[in-house]
Amino acid sequence: MKNAEINKLGVDELKKAIAAEQENLTRLKLAHAISPIENPMRIRETRRVIAKLETALTKAVNA
């Protein structure tokens with residue numbers, strides 16, 4: 001997700017996106033624990049997207 005896309009989201013949309021990405025991260029970790037996934041960098045990328053979304057949420061709430 002690009003920063004421009006993230007900045008356009010509202011508070012409720014950010015919360016939904018964070019929940020969806022956290023669920024995706026859980027699935028990736030489980031799949032990687034069972035058998036190595038093809039691209040393990042997706043785990044890092046997903047964590048970073050979650051961090052960006054949480055930062056945008058904090059900015060939106062405090063604004």
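Computed from a predicted structure; not experimentally measured. The figures that follow rest on heavy atoms only: side chains count, while hydrogens, waters and symmetry mates do not.
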**Q.** Euclidean distance, R48 CZ relative to E21 CD, rounded to 0.5 Å
**A.** 14.0 Å

Distance-only criterion, 3.5 Å: show the donor-acceptor pairs between side-chain atoms of residues 54-63 and protein atoms not counting sequence neighbours.
unit_1: T55; atom_1: OG1; unit_2: A51; atom_2: O; d: 2.9
unit_1: T58; atom_1: OG1; unit_2: E54; atom_2: O; d: 3.0
unit_1: N62; atom_1: ND2; unit_2: T58; atom_2: O; d: 3.3

Q: Consider only side-chain heavy atoms of I, L, V, M, F, W and Y, link residues closer than 4.5 Å, and tell whether L25 and L53 are in one cluster.
A: no

Show every donor-acceptor pair shorter than 3.5 Å between a side-chain atom in residues 27-46 and any protein atom, with sequence neighbours excluded, or say none if there are none.
unit_1: R27; atom_1: NH2; unit_2: E23; atom_2: OE2; d: 3.0
unit_1: H32; atom_1: ND1; unit_2: I37; atom_2: N; d: 3.3
unit_1: N39; atom_1: OD1; unit_2: M41; atom_2: N; d: 3.2
unit_1: T46; atom_1: OG1; unit_2: R42; atom_2: O; d: 2.7

What pairs of donor and acceptor atoms, side-chain ones from residues 6-17 against any protein atom, are under 3.5 angstrom apart with sequence neighbours left out?
unit_1: N7; atom_1: ND2; unit_2: N3; atom_2: O; d: 3.2
unit_1: E13; atom_1: OE1; unit_2: G10; atom_2: N; d: 2.8

